[in-house]
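The structure appears right after this line, and notes come after that.
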Amino acid sequence: MPPIIDETKCKRCGTCVDTCSEDVFYGWRKKQIPQVSYPQECAYCNGCVEECPEGAIKLRIPLPMMLLYKPTA
Ligand code: SF4
Ligand code: SF4
């Protein structure tokens, strides 16, 4: 699933929009809550989740991608 923004937590800062290299939030305008315009473009990099200062974004990684995930270390 693409990212889901909790509108009660979002402070409309745009950090997630700036973070996303895939333009998933394309069309965002300042002071608006970002909308997921291109969910199919999400690469599940988790960048928006990590950078959101309000913890307002949730991302559910698809099961096939979780199976392929190998932690570095
Ligand atoms: S980074 Fe978080 S608080 Fe800022 S616009 Fe995105 S969801 Fe909202
Ligand atoms: S997980 Fe990555 S690709 Fe997907 S919306 Fe967030 S920053 Fe963009």
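Both counts, for ligands and for their atoms, begin at 1 and track the order of listing. What you see below is based on every heavy atom in this structure, not just the backbone, and it leaves out hydrogens, waters and symmetry mates.
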> Tell me: protein heavy atom nearest atom 3 (S) of ligand 2, and distance?
Replying inline: Ala43 N, 3.3 Å
>> Just to be sure I read this right, does ligand 2 sit under 4.0 Å from the backbone of Pro3, its side chain, both, or neither, counting only heavy atoms?
In response: side chain
>> Could you measure the distance from the CG atom of Asn46 to the CD1 atom of Ile61? Nearest 0.5 Å is fine.
In response: 5.5 Å
> Mind checking whether Tyr38 and Met65 sit in one hydrophobic cluster, side chains of I, L, V, M, F, W, Y counted as touching below 4.5 Å?
Replying inline: no
>> Could you tell me, atom by atom, which parts of ligand 1 come under 4.0 Å of a heavy atom of Ile57?
In response: 7 (S)
> Relative to ligand 1, is Lys9 under 4.0 angstrom through side chain, backbone, both or neither, heavy atoms considered?
Replying inline: neither
>> Quick check on contacts: which atoms of ligand 2 are under 4.0 angstrom from a heavy atom of Leu59?
In response: 1 (S)
>> Within ligand 1, which atoms have a heavy atom of Lys11 less than 4.0 Å away?
In response: 3 (S), 8 (Fe)
> So, for Leu59 and Tyr44, which heavy atoms are closest and what is the spacing to 0.1 Å?
Replying inline: CD1-CD2, 3.8 Å
>> So, taking the atom named CZ in Arg12 and the one named CD in Glu54, what distance separates them when rounded to the nearest 0.5 Å?
In response: 12.5 Å
> Of all heavy-atom pairs between Phe25 and Ile5, which one has the smallest distance, and what is that distance?
Replying inline: CE2-CD1, 4.0 Å
>> Can you name the atoms of ligand 2, numbered from 1 with element, that are less than 4.0 Å from a heavy atom of Val24?
In response: 5 (S)
>> Just to confirm my output: which protein heavy-atom neighbour is closest to atom 4 (Fe) of ligand 2, and how far is it?
In response: Cys42 SG, 2.4 Å
> Nearest protein heavy atom to atom 6 (Fe) of ligand 2, by residue and atom, and its distance?
Replying inline: Cys48 SG, 2.3 Å
> What protein heavy atom is closest to atom 1 (S) of ligand 1, reported as residue, atom name and distance in Å?
Replying inline: Cys16 N, 3.3 Å
> Do the non-hydrogen side-chain atoms of Cys20 and Pro34 ever get within less than 4.5 Å of each other?
Replying inline: no
> Considering all heavy atoms of both residues, which atom of Cys10 and which atom of Ala56 are nearest to each other, and what is their separation?
Replying inline: N-CB, 3.9 Å
>> Between ligand 2 and Asn46, can you find any atom pair, the residue atom being a heavy atom, that is separated by under 4.0 Å?
In response: yes
>> Please list, in number order, the atoms of ligand 1 under 4.0 Å from a heavy atom of Pro34.
In response: 5 (S)
> Less than 4.5 Å apart, any side-chain heavy atom of Pro3 and any of Val49?
Replying inline: no
> Which atoms of ligand 2 are found less than 4.0 Å from any heavy atom of Glu22?
Replying inline: 3 (S)
> At what distance is the nearest protein heavy atom to atom 2 (Fe) of ligand 2, and which residue and atom is it?
Replying inline: Cys45 SG, 2.3 Å
> Between Cys48 and Thr19, what is the shortest heavy-atom contact and its length?
Replying inline: N-CG2, 4.0 Å
>> Tell me the protein heavy atom at minimum distance from atom 8 (Fe) of ligand 2, and give that distance in Å.
In response: Cys20 SG, 2.4 Å
>> Using every non-hydrogen atom in the two residues, find where Val36 and Pro2 come nearest and quote the distance to one decimal.
In response: CG1-CB, 4.0 Å
> With a cut-off of 2.8 Å, does any N, O or S atom of Cys10 fall short of it relative to atom 8 (Fe) of ligand 1?
Replying inline: yes
>> Distance check, rounded to the nearest 0.5 Å: Lys9 atom NZ versus Lys58 atom NZ?
In response: 6.5 Å
> For ligand 1, which atoms sit closer than 4.0 Å to a heavy atom of Glu54?
Replying inline: 3 (S)
